[in-house]
Protein chains: 2
Amino acid sequence: MPVTLQDVAAAAGVSQATAARALNNYGSVSAGAKERVLKAAADLGYETNHVAQALRSGNTRTVNFLPGNIGAPFFARIAHILSGTLEEAGYVLAVSSSYEQVERERSIIESMRARMSPGLIVAPAHRDLHEHLQRLQQRGTAVVAIDRSLAERGIDSITVDNYALGADAAAHLIALGHRTLGLIYDSDDIGSTPDRVRGAAEAIRAAGGTVVAIQAGTDLEMATTRICERLALSSSEPTALIPMDALMTEATIAAIRQLDLRIRTDLSLVAVDDHSLARLLDPPLTVMAQPVDQIGEDAARLMIQRLEGERTDEVVDLRHRAELIVRGSTALRN
Amino acid sequence: MPVTLQDVAAAAGVSQATAARALNNYGSVSAGAKERVLKAAADLGYETNHVAQALRSGNTRTVNFLPGNIGAPFFARIAHILSGTLEEAGYVLAVSSSYEQVERERSIIESMRARMSPGLIVAPAHRDLHEHLQRLQQRGTAVVAIDRSLAERGIDSITVDNYALGADAAAHLIALGHRTLGLIYDSDDIGSTPDRVRGAAEAIRAAGGTVVAIQAGTDLEMATTRICERLALSSSEPTALIPMDALMTEATIAAIRQLDLRIRTDLSLVAVDDHSLARLLDPPLTVMAQPVDQIGEDAARLMIQRLEGERTDEVVDLRHRAELIVRGSTALRN
DNA sequence: CTGTTAGCGCTTTCAT
DNA sequence: ATGAAAGCGCTAACAG
């Protein structure tokens, strides 16, 4: 039913080969032939069949995006940028959530291979389990990691410098006179938080301050309870807090409220990740904002360059700096 | 280089046809042959080539999702559900943002056709310009609309009842004794807001109340300014406000703060769309929560049924009810 | 500059 | 139950 290249060629009175050359302008075609082909294609309403093209040429022009959860704001915004940039270059973006499970990551990668996807942009589910990603790359798929660097493993990576993020957050508080800082994180070995914690802790110690580490777990309610306990019991009470991700920020604010303390007056707070509502909290949150759009843009561009063979140099390891946005939740220590 | 069906067939000492039958269990294959084929496939590490399969069978098992902006929380969460549910059924989800522009919607639909995608889940960019969607459906692609119903145009739709949403929000406020309600929205003819505004307005009038319509525009700052003006000048001051989407909520809260008024005490507020931070605002926001996951789940299931031919009945028009979650931003009129 | 010829890897009649 | 053969629609050598 659909119009094929063959139909166009017949209508234009040329061979399929010539029609293909005219349509995709490569090789050489006489002006006359080209014109007739283009006209025939337009008249018949011809549309390239990308599937046939892909099978024959071995290139599906589809890039996969595999974050932990495509529904999370950080990854969703990246997906938006990725799809826009890739589309301009003629690629399509396919997405899945890995749920931070290596097993799912693996199975999705298999299905990618079956679908001949030439590129994968992934937020690796695990720091150490990445042989499947390396193997994928060795077999010829372009792989770009975001959020967690795998550059040491030979995989292009676009991340934010989480160590610096932690250090910068701490430095801000230290500059305000705080000396005992509470670092609030879910668990010891998940995602980007360990680096953030290390960065903050070292900055605090270097300034002669005291680190109060609060490992609160990954569940909102439990985390709130734990933070409450620690805040209430602590003999060396922190005067400032750094919750290391969005969930911890929620738990921390909830805890502060339960204890009837006030942000800024009783406790300074630097959160991670900006958010439209962060500005509307009372007081508005001082945050470390990750350059989300930048990461998406870079990842897409790098991917395109790798796929087009415009770039064949060593593995790229871009670390962006998070930006401190000072608003109202941090104040001089009183 | 990659292992093909041919290799497997050869290794198992059968024809390609038999190998295919064994691998995809259809037709009839003797137990012995089947076993040998399966073993050969496993030994050689055979993986189906979906592209070839798609070209030959005409089914790519790829569903496209085309929201206004995949980076927006509402759509991102839906994407997450969609990809999970579709994957279980062996489909892949491809996404793009239409930027609410019909033109982009059209061009993406073309590229879908070229890629032989059998299904589209779309948040229509426009209420009236939808012939391209109808045409797509007529040509055999399964189309499901979300967020805005196109059921009258013959396209399956899963939406929330925005009229009821507006009415329910207003009813809550009316029950609290409010009589003059401010309805805050960006513009007259964008997305789901007109229905919400109508629903709220009619509920208010039916209760003998007064509607203060505040059309604030689509830009956050400008909207804030306009809301400030209207709130300050209005001779018949509203005692409660309903901002009709997330952006309007932000603008409204900013405006209230600028005017040094207090939510709940001076003005009651019902926002649309729940949000983890809504609970952390002071006071926590009373909201109309849309059943996001439900919509995603329904859209995916319906799409699968249509694609598998398990459902061939009339056009589906599912309207979910948004849920009122009462928190602290609404109070009895004083 | 253009046509012919082979397939890409798979499914699907149609015989056997 | 199985095999042979014919493509799906396109690209890419290779001739001419």
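It should be emphasised that the depicted structure is a prediction, and the values quoted were computed from it without experimental measurement. Convention: sequence-line order gives letters A, B, ...; per-chain numbering from 1.
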Asks: Mind calculating the distance between CG (B/Asn49) and P (D/dC8) to the nearest angstrom?
Replies: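 Interatomic distance, CG of B/Asn49 to P of D/dC8: 18 Å.
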Asks: Can A/Arg139 and B/Glu47 be counted as an ion pair, charged N to O under 4.0 angstrom?
Replies: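 A salt bridge is present here (some side-chain N lies under 4.0 Å from a carboxylate O).
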Asks: Starting from P on D/dC8, measure out to CZ on B/Arg115 and report it in whole angstrom.
Replies: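 Roughly 22 Å, once rounded to whole Å.
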Asks: Judged by each residue's nearest nucleotide on DNA chain D, which is more toward the 5′ side, A/Glu47 or B/Ser30?
Replies: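 Its nucleotide being nearer the 5' end, the pick is B/Ser30.
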Asks: Over how many whole Å does the gap from A/Glu35 atom CD to C/dC1 atom C1' extend?
Replies: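 Atom CD in A/Glu35 sits about 16 Å away from atom C1' in C/dC1.
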Asks: Is B/Thr4 touching bases, backbone alone, or none of the nucleic acid, heavy atoms closer than 4.0 Å?
Replies: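 Sugar-phosphate, backbone atoms only, no base.
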Asks: Going by heavy atoms in the side chains, are B/Met303 and B/Thr85 under 4.5 Å from each other?
Replies: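 No; the side chains remain at least 4.5 Å from each other.
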Asks: Which part of the nucleic acid, if any, lies within contact of B/Val51, taking any heavy atom under 4.0 Å across all strands shown: a base, the sugar-phosphate backbone alone, or nothing?
Replies: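 B/Val51: no heavy atom of the nucleic acid under 4.0 Å.
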Asks: Determine, for B/Tyr99 and B/Arg104, whether the Lys NZ or Arg CZ falls below 6.0 Å from the six-membered ring centre while staying within 45 degrees of the axis.
Replies: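 Here B/Arg104 fails the 6.0 Å and 45° test against B/Tyr99.
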Asks: Of the nucleotides C/dC8, D/dG3, C/dC1, which has the atom closest to the A/Leu55 side chain?
Replies: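 Between C/dC8, D/dG3, C/dC1, the one nearest the side chain of A/Leu55 would be C/dC8.
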Asks: Which atom pairs, one a donor and one an acceptor, fall under 3.5 Å between side chains of residues 34-43 of chain A and the rest of the protein, sequence neighbours left out?
Replies:
unit_1	atom_1	unit_2	atom_2	d
A/Arg36	NH1	A/Ala12	O	2.9
A/Lys39	NZ	A/Asp43	OD2	2.7

Asks: Check every strand shown and say whether B/Ala54 touches a base, only sugar-phosphate, or nothing at a heavy-atom separation below 4.0 Å.
Replies: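 Counting heavy atoms under 4.0 Å across all strands, no contact is made by B/Ala54.
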Asks: Salt bridge between B/Asp313 and B/Arg306, side-chain N to carboxylate O under 4.0 Å?
Replies: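 So B/Asp313 pairs with B/Arg306 through a salt bridge.
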Asks: Hey, is A/Glu110 close enough to A/Arg113 for a salt bridge, meaning N to O under 4.0 Å?
Replies: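 No salt bridge links A/Glu110 with A/Arg113.
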Asks: Take atom CZ of A/Arg36 and atom P of C/dC1, then tell me their distance rounded to the nearest Å.
Replies: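 Those two atoms, CZ and P, are 14 Å apart.
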Asks: Heavy atoms under 4.0 Å is the rule here; annotate nucleotides 11-16 of chain C 5' to 3' with B where the base is hit, S where only the sugar-phosphate is, and - elsewhere.
Replies: BB----
Asks: So, is A/Thr18 close to the C/dT2 phosphate, meaning a side-chain N or O under 4.0 Å from OP1 or OP2?
Replies: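 No, A/Thr18 has no side-chain N/O under 4.0 Å of OP1/OP2 on C/dT2.
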Asks: Taking atom P of D/dC8 as reference, at what distance in whole Å does atom CG of A/Asp7 sit?
Replies: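 Going from CG in A/Asp7 over to P in D/dC8 covers 11 Å.
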Asks: Cut-off 3.5 Å, side chains only: do A/Asp161 and A/His320 have a donor facing an acceptor?
Replies: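 Distance-only check fails for A/Asp161 and A/His320.
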